[in-house]
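In listed order, ligands and their atoms are each counted from 1.
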Amino acid sequence: MEKKTFYITTPIYYPSDKLHIGHTYCTVATDTMARYKRLTGYDVCFLTGTDEYGQKIENKAKEAGVTPQQFVDNIVEGEKGILDLWKLMNISNDRFIRTTDDYHVEAVQKIFRKMYEKGDIYKGSYKGKYCTPCESFWTESQLVDGKCPDCGREVVDAEEEAYFFRLSKYAERVQRLLEDTDFLQPASRVNEMVNNFIKPGLEDLCVSRTSFTWGVPVDFDPGHVVYVWVDALFNYTTALGLLNDKRDGYDKYWPADVHFVGKEIVRFHSIIWPAMLMSMEMPLPKQVYGHGWLVMDGGKMSKSKGNVVDPYILAEMFGVDALRFFLLRTFPFGSDGNFSNELLISAINTDLANDLGNLVSRTTAMVEKYFGGTLPAEREAAELDNELLGMVASLRERYEAQMEKYQFQNALEEIFKCIQRANKYIDETAPWVLAKSEEGKTRLATVMYNLLETVRICTILLTPFMPESCGKIFAQIGAEEAVQTWDSAAAFGGLSATATVHKGDAVFPRIDAEKALAELSALQEAQKKAALPALEIEPYAEEKVDFETFCKSDFRVVKVKACENVKKSDKLLKFTLDDGTGTDRQILSGIAKYYKPEELVGKTLVAIVNLPPRKMMGQESCGMLISAVHKEQGEEKLNLLMVDDKIPAGAKLC
Ligand code: MSP
């Protein structure tokens, strides 16, 4: 019999910057779902990829002095790029699409032409607002406080000849889709779409641009490139061979079972995407699931805010599986979650090290200690076993119900209730007491078998979340492949009655929270610093100074006769200077952070000497020493201007 298919996608990511933990969250969730469906027997197609066109990428490439293609190639394929990250995170995608792939470009051109020939795309003139970072057009009424309603940044006026898609024509059908079916999940997102976007009147969508060139060219009208969202959304179908013969599987996998997308792009997936598919007379995806964001201190992570979290650092410190687990255990998938290093460490220590890790290591250690690693076949059941056995035997059903609703957190909660119950069962049955007498041994073997079976069933269901660690646990409890299956998770009794365990290292070592937090914040700080520009110089003054005013400034060469810290001040140094007049000049300068007084004695400097004297910390300062200032990696740097010692004190600068 042919397997049932399941087609699941992540959004395709913009390779405009390195990806952060927020992007990783969505991909890990999709991967977990794909692995779960494979486990339950589906023929899964899991697609992810990159969305490489658009003005933002063109601008970034220009800034970096490379071509847009070179720019995206580096972020996608370069060291610690997107492909590397998915490999590190053990992402099991079946396909990867890049929108610059030629088969995709050609298919998008055909799609655009088809909608044009049908009359659903027409030529007009676009006048409105454009948010460059989001690649989104907005009407005046959609702006929030005059800014982009998605990201809150400034928008710019835009007017140009453009093609439009007749989105308005499909408004009613899309509204029915949203209101009358379970197409958009969680259902709480439906109202926002209908009330904010459809009810106020869906305007036709501008779907081409002429002001930049990094896009799919409209083949029948050179000079126009296809709006990046039109090109991007169709990736879900071109990757399956729609209108191209380089890929295949369209008939098998389309329509998608679910598109996982972040909440800010639900609008594109639940309004524009179905409308375009309706125009193309193609089947609609079965579901769009809008998940929440991982936020930092309440705000979205973004490079410009400097609050992005690097998944490489976390995976290296805590392990890939611990990171995958944390993301889905801690935050409900449909809502926002506040990321913190403390939460991550607590999930590892509480759930993985304490509950699961301890259960595995205590059980295997006891089987080794009391039975030399292999259980005897005799059993002796007791009333006390029933609660645990009942809970574990029905676990798969409760887990499945949650997984089918994409409620990863709840599914894990069901598993951990069993794990906690099993740990309590150890305390209740007191194996160390049973081990003391020969008569207790049969009962002890029963307790051990029940524990091993609990571990086995929980591990099967945890495999989609933590594939590698679960493999290690199976090895430790001696579970062969035949008893790692979905079918075998439905009932007790999978392991042989004379199961043999192989105690190994702790699968989830406990983290020293204090030490790890200190290390993490040092690493994250260093990374933040490294991301700042290597060198920053002050912008040049716009305002001109007339020559006469400039000439009034009297700059002189001065020699440092003495220099000391000013008492009670961290900032000020007091200079006694030879300015060539025969009378010492005193200048105070706020540069104690940069120089030790003794290193400046004897130096030849430059000062402006005709500023009015002023008092600082009760002392008079007659002039100002001239320094050069700039920033390196965000840090202020200051250098006093020093000139050749041959120049006599008092020499005028002109
Ligand atoms: N290129 C578009 C998607 C086109 S799909 C046809 C895009 N790319 S993106 O790189 O900006 O974002 C990709 C996904 O990452 C989005 O679903 C977005 O919501 C998700 N995330 C980005 N930051 C996130 C968090 N901080 N938290 C959770 N998800 C986040 O949008």
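- Residue pairs meeting the salt bridge (charged side-chain N to carboxylate O under 4.0 Å, His left out) criterion with at least one member in residues 185-209, sequence neighbours excluded, are Glu160-Arg209.
- Scanning for side chain to side chain donor-acceptor pair (under 3.5 Å) contacts around Arg329 gives Asp351, Glu413, with sequence neighbours left out.
- Looking at Asp43 and Lys4, no side-chain N of the basic residue comes within less than 4.0 Å of a carboxylate O on the acidic one, giving no salt bridge.
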Does ligand 1 have any N/O pairs with the protein under 3.5 Å, and how far apart?
| from | atom 1 | to | atom 2 | distance (Å) |
| --- | --- | --- | --- | --- |
| ligand 1 | 1 (N) | Ile12 | O | 2.8 |
| ligand 1 | 1 (N) | Asp51 | OD2 | 2.6 |
| ligand 1 | 10 (O) | Tyr14 | N | 3.0 |
| ligand 1 | 17 (O) | Gly262 | N | 2.8 |
| ligand 1 | 19 (O) | Glu264 | OE1 | 2.8 |
| ligand 1 | 19 (O) | Glu264 | OE2 | 3.1 |
| ligand 1 | 26 (N) | Leu294 | O | 2.9 |
| ligand 1 | 27 (N) | Leu294 | N | 2.8 |
| ligand 1 | 29 (N) | Gly22 | O | 3.3 |

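- Listed by first then second residue, pairs satisfying salt bridge (charged side-chain N to carboxylate O under 4.0 Å, His left out) with a partner in residues 257-269 read Asp257-Lys286, Lys263-Asp336, Glu264-Lys300, not counting sequence neighbours.
- A salt bridge is absent between Lys127 and Glu140; no separation between the charged side-chain nitrogens and carboxylate oxygens falls under 4.0 Å.
- Checking Leu344, Leu314, Leu294 one by one against Val309, the side chain to side chain contact (heavy atoms under 4.5 Å, CB included) holds for a single residue, Leu314.
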